[in-house]
Structures are given as C-alpha cells and as structure tokens.
Amino acid sequence: MAANQTLYVNNLNDKINVETLKKSLREVFAAFGGIIDIIAMKSLKRRGQAWIIFKEVSAATNSLKSLQGFPFYNKPMRIAYAKTKSDVVAKADGTYVERPKKIVKREDLRKKTTNVAHAPPEIKTVSTPAAPAASQKSIQDRIGWNPNQTSTKASGGGGKPAEPNRTLFVENLPPEATDTMLSMLFRQYPGFQEVRLIPGRNVAFADYQNEYQAGMAMQGLQSFEMTPDVRLQLSYARK
DNA sequence: AGCACA
C-alpha cells in the first residue's frame, strides 16, 4: 500500500467506548509526530477501526513500523496506510471534491435499531486518571514496539509465590516497553492505580487499590500474548 | 471483516 499520512488501524477492541478509544490512540500515536485528527466510529460496519491523520507522512511511517502489533486494550493493533487521502488533508491541498452523501437504506436502519437492543454491554471505562502525560520528547525516545522479540524465560523469581496483595509483578516485557504502553494494558481493570517500569530490567509493578482487583487483572492479563512468542508473566509482588 | 470523513 502506498505511503499515506493517514493510517488505517483495525483489530481494535470494539467494546471500548469510541471517545476513550480515540484519546488512548492519541496518547500512543502522538509520540511519533503531530496528529491532525483521529477518526473512529461505533456503527456496525465501522467499529474496530480508526484513521490516524498525521501532519507528516514520516510520522505515519514511523508509527506504522513501531506500533505494528502493539497490544492495545488486549488486542494487537493492525496498522496499514489508509487507501485514500483524508478529507481534511484534501481540503488543505485544494484537491477536495464533495463526495455524494451515503444513502441510508431502510434495511440498514432496521439492522441498526434491532442491534441496539441486543448490543452487548460496554466495558465500563475505569475512572482512573490517564497515564501521566509524559513529554512528547520522552515518549518519543522511549516508545518502541519491536514485534520481533525473542522470548526470555520468565523466572517467576523462584521460591514460593507471594501472598495475594494489591501489587502485581510483571515479567517478560519487551525491552522497549513503556509506561504508556503498560498503562494501556493494566488500566482496563478496575482499581488500577499505576504501573512502574523498572529501567534496565524487563519488569514492572502494577498497583491496584486492593488485592482482589489485582487478582482480577492478573487473571485477565496472565500470559497476554504481546507477540506470537512473547507472553506476559504475572504474579503478586513480593514485599 | 469491515477504508471514513456528522
């Protein structure tokens, strides 16, 4: 696909409310350059996808390469260049031509309304503050998702497992893992407080409000497949 | 799976 300053992202978790999804996408992609807009919609045909419109093609290219397969709300992102130019950029180009509005067929309306009734409940968004906004520069320096990790054996620390407590010990992270990346993952679970990445080791600690919530997160994320051959290893932290 | 522009 030809390079484009707009990226097409799919395989997104469609249980996540679009507004929070867009915010989170922005957090992650903004590390690579200026973003003009992010478009995501929740209709049947369009959910699970988003368009990230960058100011520069180079930013699109870099983020495409580095974030391919990035675990985002529990699903690896699939990223490609968008097939066509976004309206905003065409407008700026002067190449924009009005496109005929989509006719909504009665069939589609019917589907839409029936589906509302049977729609699965949305995952409630956890009311934890977003990851502290690190400076543009520092994220840029530190983010880097390398999909070709070789898996390192998680030691588990050896010895007897720690008692359940509110802090999780996270092992087997790719060396380029960042706080932003990890908070994406852990903040989906209620009670999330913060995640601390330990520099130089492929390890982090994730705090929840109590050990019960930590346990839920541990169950949910245990062995999470960061890549086909790298799985997260979670245990309670030793104190 | 699905490439939009509210």
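First the proteins, then the strands, lettered A, B, ... as listed; each starts at 1. Computed from a predicted structure; not experimentally measured.
Going from atom CG of A/Leu173 over to atom CE of A/Met181 covers 9.0 Å, rounded to the nearest 0.5 Å.
Considering only residues two or more places apart in sequence or on other chains, A/Tyr96 meets the ring pair (Phe, Tyr, Trp, His ring centres under 6.0 Å) condition with none of them. Scored by the side-chain hydrogen bond (donor to acceptor under 3.5 Å, both in side chains) test, A/Gln5 finds no partners at all (sequence neighbours excluded). Residues satisfying the salt bridge (charged side-chain N to carboxylate O under 4.0 Å, His left out) criterion with A/Arg196, sequence neighbours excluded, are A/Glu194, A/Asp207. Shown here are the side-chain hydrogen bond (donor to acceptor under 3.5 Å, both in side chains) partners of A/Glu211, two or more places apart in sequence or in another chain: there are none.
Counting any heavy atom pair closer than 4.0 Å across all strands shown, A/Asn11 reaches a base atom. Here A/Tyr81 lies in heavy-atom contact (under 4.0 Å) with a base.
The main-chain N or O of A/Glu171 is never found under 3.5 Å from a side-chain atom of A/Gln233 such that the two would form a donor-acceptor pair. Side-chain atoms of A/Asn62 never come within 3.5 Å of backbone atoms of A/Phe32 as a donor-acceptor pair (strictly under, hydrogens ignored).
To the nearest angstrom, P of B/dC3 lies 9 Å from NZ of A/Lys45. Computed from coordinates, the A/Ile35 CD1 to B/dC5 P distance equals 20 Å when rounded to whole Å. One can place NZ of A/Lys22 at 12 Å from P of B/dC5, the figure rounded to the nearest angstrom. For the pair A/Arg46 CZ and B/dA6 P, the interatomic distance rounds to 10 Å; values are reported in whole Å. Between the CE atom of A/Met77 and the C1' atom of B/dA1 there is a distance of 19 Å, given to the nearest Å. The CG atom of A/Leu44 sits 14 Å away from the P atom of B/dA1 (whole-angstrom rounding). A/Ile52 places its CD1 atom 16 Å from the P atom of B/dC5, with the value rounded to the nearest Å. Spacing between atom CG of A/Asn4 and atom P of B/dA4 amounts to 13 Å, rounded to whole angstrom units.
Among the nucleotides B/dC3, B/dA4, B/dA1, the one closest to any side-chain atom of A/Ile39 is B/dA4. In the set B/dC5, B/dC3, B/dG2, B/dG2 carries the atom at the smallest distance from any side-chain atom of A/Asn10. The side chain of A/Trp51 has B/dC3 as its nearest neighbour among B/dG2, B/dC5, B/dC3.
Between A/Phe192 and A/Tyr208, the two ring planes are perpendicular [angle over 60°; tilted spans 30° to 60°].
Shown for residues 85-94 of chain A: residues whose heavy atoms fall under 4.0 angstrom of DNA chain B, namely A/Lys85, A/Ser86, A/Asp87. Near DNA chain B, meaning a heavy atom under 4.0 Å from it, residues 53-62 of chain A has no residue at all.
The nearest pair of heavy atoms linking A/Gly33 to A/Phe54 is O-CE2, 3.8 Å.
Residues A/Leu12 and A/Met41 each lie close to DNA chain B; by heavy-atom proximity, the contact nearer the 5' end of the strand is made by A/Leu12.
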*Under the salt bridge (charged side-chain N to carboxylate O under 4.0 Å, His left out) criterion, do A/Asp14 and A/Lys42 qualify, and how do the steps go?*
CA-CA 8 Å; A/Asp14 59 22; A/Lys42 60 159 182 256; over 6 Å; no

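At B/dA4, none of the side-chain N or O atoms of A/Arg99 fall inside 4.0 Å of OP1 or OP2 (strictly under the cut-off).
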